[in-house]
Structures are given as structure tokens and as C-alpha cells.
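To find a chain, count down the sequence lines: A is the first, B the second, and so on, and within it residues start at 1.
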There are 2 protein chains.
Amino acid sequence: MEEQFKLDNQLCFRLYTASRLLTQAYHPLLSEQGLTYPQYLVLLVLWEKDAQPVNDIAKRLFLETNTVTPLLQRMEKEGIIVRAKGSEDGRQRIVSLTRKGKALKKELANVPFAVGSAVACKSVKPETAPELFRMLDDIIAKLDAKQE
Amino acid sequence: MEEQFKLDNQLCFRLYTASRLLTQAYHPLLSEQGLTYPQYLVLLVLWEKDAQPVNDIAKRLFLETNTVTPLLQRMEKEGIIVRAKGSEDGRQRIVSLTRKGKALKKELANVPFAVGSAVACKSVKPETAPELFRMLDDIIAKLDAKQE
DNA sequence: TTGATTTATATCGTTCACGATGCAAATATA
DNA sequence: TATATTTGCATCGTGAACGATATAAATCAA
């Protein structure tokens with residue numbers, strides 16, 4: 001068996017699996033509020049800075065607008081956000097939190113801690129997390145650069 | 001701003017992004033053969049050991065059968081695999097590579113190297129990869145254990 | 001200013017993921 | 001041996017992802 005084809009030698013498969021399993025850990029916490037994980041990411045972005053155009057949100061999440069637009073439409077239908085036509089640039093749609101969207105921040109305050117403790121293990125703890133973060137950031141930076 | 005809500009402090013977001021971007025790096029190489037990334041993963045599993053029931057493939061990929069079944073149906077339609085009723089256990093469907101599925105191994109021989117060089121960077125190189133692999137394996141093991 | 005190009009967003013089609021549910025074959029229990 | 005339970009796989013519905021394409025507003029060029 002050629003080494004390069006062994007599943008256990010594949011970085012991408014590890015990332016794919018770790019990502020899926022960790023996202024699943026969020027599920028019970030988020031579904032309680034009727035949210036999905038990508039919707040939660042949009043909230044994180046808007047809690048940092050409210051009233052952003054679709055494109056800024058998409059860029060922050062390394063997603064395309066054709067992924068983000070339907071996601072935002074669903075969130076708007078849920079009354080979490082509103083999408084208003086940009087006043088200076090008529091093409092833009094400015095996404096803002098509603099009162100409900102802002103209130104979710106309190107409801108979800110414990111989520112990061114709950115997930116943090118769910119994933120804490122030998123390799124992931126306060127001392128080693130920065131190392132892991134740096135590695136992943138390097139990978140993201142390298143791959144994102146190729147997109148341009 | 002509360003630290004725990006900063007996108008830049010989120011492990012899951014990093015894994016999610018790194019996974020998506022790295023999967024995208026596979027796309028031009030795989031689509032050449034009409035494959036998707038999850039289909040490529042199924043091939044990796046079958047190249048390691050041919051003729052496996054659906055459940056074994058799903059478990060190996062940490063996926064549910066309701067994800068794998070439609071995926072296999074599409075691969076069967078493409079003539080890459082066949083799904084035969086199990087002889088000893090009539091509930092099982094044994095998935096086997098066709099001649100075409102086996103031949104793809106040669107066609108895709110360069111994929112791991114191409115992707116490897118695309119992602120190679122400061123943090124990911126022969127010396128540091130094992131460390132990263134170990135961390136991701138720890139996360140997967142910890143989260144997978146909670147599923148049982 | 002008119003026409004061409006770019007930009008911001010939306011729509012469409014296909015393929016995952018995955019919770020929920022259904023069904024038939026195998027196994028356990030009464 | 002009947003009946004109940006479990007197991008393996010499939011189907012269905014919803015929400016991402018993402019390539020391809022469309023549309024309208026803004027900008028650039030002639």
C-alpha cells in the first residue's frame with residue numbers, strides 16, 4: 001500500500017473530521033436557540049461589529065456570498081437580523097442585528113466554555129492551544145493566498 | 001468585547017476554515033476525474049481494503065450511513081463501485097471497487113503530493129506535521145468518545 | 001454622456017451532512 | 001417457535017458549501 005494513499009496519513013481528512021465532530025458538539029447548545037453553527041459564526045461576526053455588508057461578513061468567514069446570502073435570508077426570516085439596502089452604495093445590503101439577535105448573546109454566553117471543556121484533552125489545553133492555533137492559521141493563510 | 005466570543009479565539013472556526021480551504025485545494029485535481037472530496041475518501045478506504053459493508057466505510061470516515069448511502073449510490077451510478085447484497089448477512093450491502101474504481105488509483109497518484117505541496121508552510125512540514133497530526137487525533141478521539 | 005467593465009448580491013443546481021424516520025433481516029427473549 | 005428487539009441500510013427534509021450564472025448599481029473609458 002502506497003503511503004500517500006493511507007487515510008491515516010491525510011491532513012485534510014483529520015481537519016475534515018475534527019471540524020465536523022467539533023461542530024456537532026455545538027449542535028445541542030445552538031439548536032436550543034434555533035441556530036446552526038454557520039449562523040452562530042455570523043452572530044460572532046456581528047457581535048464584534050454590527051451593521052456590515054454581506055461581503056464583509058463573507059470575507060471574515062472565508063465564505064462566498066452565494067453561501068452567505070441564503071444563510072442570512074434564513075436568519076432574517078427568524079428575526080435575528082435585518083438586511084437593509086445600503087444608502088451610499090445601492091448594491092450593498094447592510095446586515096444588522098435585531099433586538100433578538102443582540103439578546104442571543106446573553107443566551108449563548110456559556111457556549112464557548114461548554115464546548116471548550118468538551119474538547120479539552122491532552123493536546124488541547126491553555127498551554128498547547130496557541131501552538132495549534134498558529135499551525136491552523138498558517139494553513140489558512142497559505143491556502144487563502146492561493147485564492148486571489 | 002468578551003474574549004470567548006471573539007472569532008479569532010475559536011478553535012472550531014479555524015478547523016472549519018482550514019478544512020474547507022484544504023478541501024477546495026483538492027477540487028481541481030478530483031473534478032478532473034469527476035470526483036468529489038468525500039467520494040475520494042471512500043476510494044481511499046476501499047483502496048486500503050476492498051469489499052466492505054456500508055457501515056464499515058461509514059465508521060472509518062466518522063460519518064453516518066445516511067450520508068454515505070447516497071454518496072455510494074452516486075458512485076455506483078458513475079461505475080466506480082458496485083453495491084452487492086451481503087451473502088451471510090442479508091441486511092448488509094458490500095461495496096466493491098469496479099475496474100474503473102481501481103484504475104482511478106493510478107490517475108490520482110499525484111494528488112497527495114500536489115496537495116501536500118500546496119499546503120506546505122512554516123507550520124506544516126515533515127518535522128512538525130506529526131505534532132499537528134497528534135493534536136488533531138486527540139481532538140477526534142475525545143469528541144468521538146462522546147458519541148457512544 | 002454613452003457604452004463597457006467591474007462590483008455587490010442573488011439565484012440555481014448538485015452534493016454533502018445530519019436529524020428523524022422507515023423497513024427488512026438478524027438476533028434475543030419469552 | 002412466536003414475539004420483541006436490535007441492527008444495517010435507505011428515505012426524507014433542511015441547511016449549508018460552492019461552481020456557474022444572472023442582475024442591478026457603480027465606476028471607468030471613449
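Looking at heavy atoms from C-beta onward, B:Val119 lies out of side-chain contact with A:Lys142 at the 4.5 angstrom threshold. At least one side-chain heavy atom of A:Leu46 sits under 4.5 Å from a side-chain heavy atom of A:Ile57.
Separating the OH atom of B:Tyr16 from the C1' atom of C:dC16 is a distance of 13 Å, rounded to the nearest angstrom. Atom C1' of nucleotide C:dG19 and atom CD of A:Gln24 are separated by 11 Å, given to the nearest angstrom. C:dT11 atom P lies 12 Å from atom CG of A:Leu72, rounded to whole Å. Rounding to whole angstrom units, CD of residue A:Gln52 and P of C:dT9 are separated by 11 Å. In this structure, A:Asn66 atom CG and C:dT7 atom P are separated by 17 Å, rounded to whole Å. We find that OH of B:Tyr26 is positioned 17 Å from C1' of C:dC16, with the value rounded to whole Å. Rounded to whole Å, atom C1' of C:dT9 lies 12 Å from atom CD1 of A:Ile57. A straight line from CG of A:Leu21 to P of C:dA17 spans 12 Å, rounded to a whole angstrom.
A donor-acceptor pair under 3.5 Å links the side-chain atoms of B:Gln10 to the main chain of B:Gln4, judged by distance alone.
Scanning DNA chain D 5' to 3' for nucleotides with an atom closer than 4.0 angstrom to a non-hydrogen atom of chain A gives a first and last hit of D:dG15 to D:dA26.
When the nearest nucleotides of DNA chain D are assigned to B:Thr65 and A:Glu88 by heavy-atom distance, the more 5′-ward of the two goes with B:Thr65. Where A:Gln73 and B:Tyr37 meet DNA chain C, the nucleotide closest to each residue was compared, and A:Gln73 sits on the side nearer the 5' end. For the pair B:Lys85 and A:Val54, nearest-nucleotide mapping onto DNA chain C gives the more 5' position to A:Val54.
Salt-bridge check for B:Asp8 with A:Arg60: passed, with a basic side-chain N closer than 4.0 Å to an acidic carboxylate O.
Side chain of A:Gln92, nearest nucleotide from C:dT9, C:dA25, C:dA17: C:dT9. The A:Arg91 side chain lies nearest to C:dT7 when the options are C:dT7, C:dC18, C:dA24.
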Practice problem: Quick one: do B:Leu104 and B:Trp47 satisfy side chain to side chain contact (heavy atoms under 4.5 Å, CB included)? Show the steps, please. | Solution: CA-CA 10 Å; B:Leu104 279 169; B:Trp47 288 337; 4.0 Å; yes

N/O donor-acceptor pairs under 3.5 Å from side chains in residues 90-97 of chain A, not counting sequence neighbours:
unit_1	atom_1	unit_2	atom_2	d
A:Arg91	NE	A:Asp89	OD1	3.1
A:Arg91	NH2	A:Asp89	OD2	2.9

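The side chain of B:Arg74 contributes an N or O atom lying less than 4.0 Å from OP1 or OP2 of C:dC16. The side chain of A:Arg20 contributes an N or O atom lying less than 4.0 Å from OP1 or OP2 of C:dC18. Residue B:Thr36 places at least one side-chain N or O under 4.0 Å from the OP1 or OP2 atom of C:dC16.
Evaluation of the ring-ring contact (aromatic ring centres under 6.0 Å, His included) rule for A:Tyr40 yields A:Tyr26 as partners, not counting sequence neighbours.
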